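Before any comments, here is the structure.
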Amino acid sequence: MAKRVKRRYAVGNGPVRVGAIGYGGAFNMGKTHLTECRRGGMVPTAVCEPDEQRRAQAEVDFPGIATFASLDELLKADAADLLLNITPHDLHYPLARQCLMAGKHVVNEKPFVITTAEADKLIALAEKRKLLLSTYHNRHWDGWILRAIREIVEKQTIGRVHRIEAHMGSYQAPRDWWRSRKSVSGGILYDWGVHLLEYCFQILPGEMVEVSGFKAEGHWPSVAKKIDYRDDHVEDEAFAVIRFDDGALVNLSISHVRSDGLPDFLTFVGDRGSYGINWSGWTHRKTGRNGKIKETTGKHPKSQGHKFYANVARALAGEEDLIITPQWARRPIHAIDLAVRSAEQNKTLKTKYG
């Protein structure tokens, strides 16, 4: 597993100053990030956003905050210690690199980056410059996975987990926006697929050894004529089988052409039962000696995503280990990167390291 190293980072005197790169209207993520940073004890001081209206909105949301039309301007002004990269996926690597080169700590929105090579380069650069580098895996603290860890890992209620089924899907055309462009988003696996894998890695103790990827394409570009795909579209469906050195495996699929509704989007299969997670709650299934399946259900506990930036603030102060290290964030990227390349090459690919 990725090691977590505690160190004190250079942030100057007083509270950590935080700047957001990107303040777009989609999901209002800029405001969300900066609000969570403030809750964690840091101070929002800057926003970089090319859209003048969105810069004006940031000034309304955070009175007194400095706004910039470009990252070059923000870096020249030295307006923040920690920069939050809230941009489309293909900009995660180049903008994070620019920030690290300028001596700034960085949190990338999820996904960390698109390729393993990009992840390795950023990790090496951050380590060389002794800078904090992380990824916004706030779902690490989702209520459903927190309870699953207690039941599956700590209490071992379903025994040894040998398979995890992780699926998201429905039958609907992708939206006509950047997430539907493979050159920008990386592909269909880079959204919910990253979250699902991060859940899996919290449960499985082993190291990845190989990945097989599969894909289906061509349906929506031929059917949804009103959408401008420009020959650059995400897959209709992508599927990955990830094998671990202890024999466990993960089946991951994300689909835009799935008509059947699965009861759970996460199912942990053990040798003494299974544990399913859906939007409504959890289901613990166990087969008794008479062959009958006993089901126990319940509601998910409250999520604690605010702990992400609280941990970042304390890690910057040297008060605790960084939980979402770049090495940890690399794992789902490496798996998905291999799955995409495996599907293109039609062969199973070995991992570089787990």
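Since the model is a prediction, treat every value here as computed from it, not as a measurement. Just so you know, residue 1 is the first one in the sequence shown, and it goes up from there.
- Among residues at least two apart or in separate chains, salt bridge (Lys or Arg N to Asp or Glu O under 4.0 Å) pairs with a member in residues 102-123 are D78-K104, K110-D191, D120-R330, D120-K352.
- Relative ring orientation between F62 and Y23 is described as perpendicular, the plane-to-plane angle rising above 60° on a 0-90° scale split at 30° and 60°.
- Hydrophobic clustering (side-chain heavy atoms under 4.5 Å, transitive across Ile, Leu, Val, Met, Phe, Trp, Tyr) keeps I152 apart from I293.
- Between the side chain of N290 and the backbone N or O of K292, at least one donor-acceptor pair lies under 3.5 Å.
- A salt bridge does not link D232 to K182: none of the charged side-chain nitrogens sits closer than 4.0 Å to a carboxylate oxygen.
- Closest approach of L75 and A102 over heavy atoms only: CD2-CB, 3.9 Å.
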(message) Go through it in stages, so that I can follow the logic: the residues are Y309 and R314, the test is side-chain hydrogen bond (donor to acceptor under 3.5 Å, both in side chains), and I'd like the CA-CA distance, side-chain angles, deciding distance and then a yes or no.
(response) CA-CA 9 Å; Y309 276 122; R314 288 194 285 268; over 6 Å; no

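- A distance of 7.0 Å separates CZ of R163 from CG of N251, quoted to the nearest 0.5 Å.
- The ring of H219 has its center closer than 6.0 angstrom to the ring center of Y171.
- A single hydrophobic cluster is not seen to contain both L249 and I164; linkage of ILVMFWY side chains at heavy-atom distances under 4.5 Å, directly or through other members, places them apart.
- Looking at heavy atoms from C-beta onward, L266 lies out of side-chain contact with E165 at the 4.5 angstrom threshold.
- Ion pairing between E59 and R55 fails under the 4.0 Å rule for side-chain N and carboxylate O.
- With respect to the salt-bridge test (charged N to carboxylate O, under 4.0 angstrom), the residues E49 and R54 do not qualify.
- At least one donor-acceptor pair closer than 3.5 Å links the side chain of D51 to the backbone N or O of Q53.
- Taking all atoms of both residues into account, the shortest heavy-atom contact from D236 to W220 is OD1-CD1, 3.3 Å.
- There is a side-chain donor-acceptor pair under 3.5 Å between W328 and E198.
- Taking the six-membered ring where tryptophan is involved, the planes of F265 and W279 are tilted, since the angle between them lies from 30° to 60°.
- Side chain to side chain, E237 and S255 meet the donor-acceptor criterion of an N or O pair below 3.5 Å.
- Between atom CD1 of residue I254 and atom CG of residue L196 there is a gap of 5.0 Å, rounded to the nearest 0.5 Å.
- Under the 3.5 Å distance criterion, with hydrogens and angles disregarded, no donor-acceptor pair is assigned to the side chains of D337 and T115.
- Residues V211 and I336 are not in side-chain contact: their nearest non-hydrogen atoms beyond the backbone lie 4.5 Å or more apart.
- Contact between A339 and A240 at its shortest, heavy atoms only, is CB-CB, 3.7 Å.
- When the side chains of ILVMFWY residues are joined at heavy-atom separations under 4.5 Å, either directly or via intervening members, L74 and V43 end up in two distinct hydrophobic clusters.
- Ring pair F214/F239 is tilted by interplanar angle, where 30° to 60° counts as tilted.
- A donor-acceptor pair is defined here as one N or O able to donate and one able to accept, closer than 3.5 Å; no such pair exists between the side chain of S303 and the backbone of G305.
- For the pair S274/R285, a side-chain contact is recorded, criterion being any heavy-atom separation below 4.5 Å from C-beta on.
- Residue I86 holds its CD1 atom at 8.5 Å from OG1 of T32, rounded to the nearest 0.5 Å.
- Atoms NE2 and CG, on H140 and N138 in that order, are 11.0 Å from each other to the nearest 0.5 Å.
- Residues C200 and A166 share a closest heavy-atom pair of SG-CB, 4.4 Å.
- Using a cutoff of 4.0 Å between basic side-chain nitrogens and carboxylate oxygens, E154 and R150 are not scored as salt-bridged.
- For the pair N85 (side chain) and H92 (backbone), a donor-acceptor distance under 3.5 Å is present.
- Ion pairing of D176 with R181 is present here, as a side-chain N (NZ or NE/NH1/NH2) and a carboxylate O approach within less than 4.0 Å.
- One distance of note links OG of S342 with CD of E344; it measures 9.5 Å at 0.5 Å rounding.
- Side chains of E52 and Q57: no donor on one and acceptor on the other come within 3.5 Å.
- Side-chain N or O atoms of D81 include none that pairs as donor or acceptor with a backbone N or O of V16 at under 3.5 Å.
- Note: W178 and H89 meet the aromatic proximity criterion, with ring centroids under 6.0 Å apart.
- Proximity of P326 to L122: side-chain heavy atoms (C-beta onward) are nowhere separated by under 4.5 Å.
- Annotation for C99 and I21: closest pair SG-CD1, 3.6 Å, computed over non-hydrogen atoms.
- Residues Y275 and A148 come closest through the heavy atom pair CE2-CB, 3.8 Å.
- Residues Q98 and L71 are in side-chain contact: their nearest non-hydrogen atoms beyond the backbone lie under 4.5 Å apart.
- S70 is linked by a side-chain contact (heavy atoms from CB on, under 4.5 Å) to D72, E73, counting only residues two or more places apart in sequence or in another chain.
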(request) Determine, step by step, whether H306 and Q304 satisfy the side-chain hydrogen bond (donor to acceptor under 3.5 Å, both in side chains) criterion, reporting the C-alpha distance in whole Å, the side-chain angles of both residues, the deciding distance to 0.1 Å, and the verdict. (result) CA-CA 5 Å; H306 65 277; Q304 304 173 41; 5.5 Å; no

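- Within the 4.5 Å cutoff, the side chain of P111 has no heavy atoms near those of the T135 side chain.
- Under the 4.5 Å side-chain criterion, counting only non-hydrogen atoms from C-beta, V106 is not in contact with L82.
- Looking at residues two or more places apart in sequence or on another chain, you find a side-chain contact (heavy atoms from CB on, under 4.5 Å) between T297 and T283.
- At a cut-off of 3.5 Å, with distance as the only test, no side-chain donor of Y353 or R331 sits close to an acceptor on the other residue.
- Relative orientation of the W141 and F308 rings is perpendicular, given thresholds of 30° and 60° on the angle between their planes.
- Linking ILVMFWY residues whenever their side-chain heavy atoms come closer than 4.5 Å, directly or via other members, places L83 and L91 in the same cluster.
- One finds the OG1 atom of T351 at 8.5 Å from the CD atom of E210 (value rounded to the nearest 0.5 Å).
- Atom CG of N346 is surrounded by 12 or fewer heavy atoms from other residues, nucleotides or ligands within 6.0 Å.
- The distance between the ring centers of F112 and H137 does not fall below 6.0 angstrom.
- F68 and M29 fall into different hydrophobic clusters, defined by Ile, Leu, Val, Met, Phe, Trp and Tyr side-chain heavy atoms under 4.5 Å apart, directly or through other members.
- Taking 4.5 Å as the limit, some side-chain heavy atom of L338 sits within range of a side-chain heavy atom of H334.
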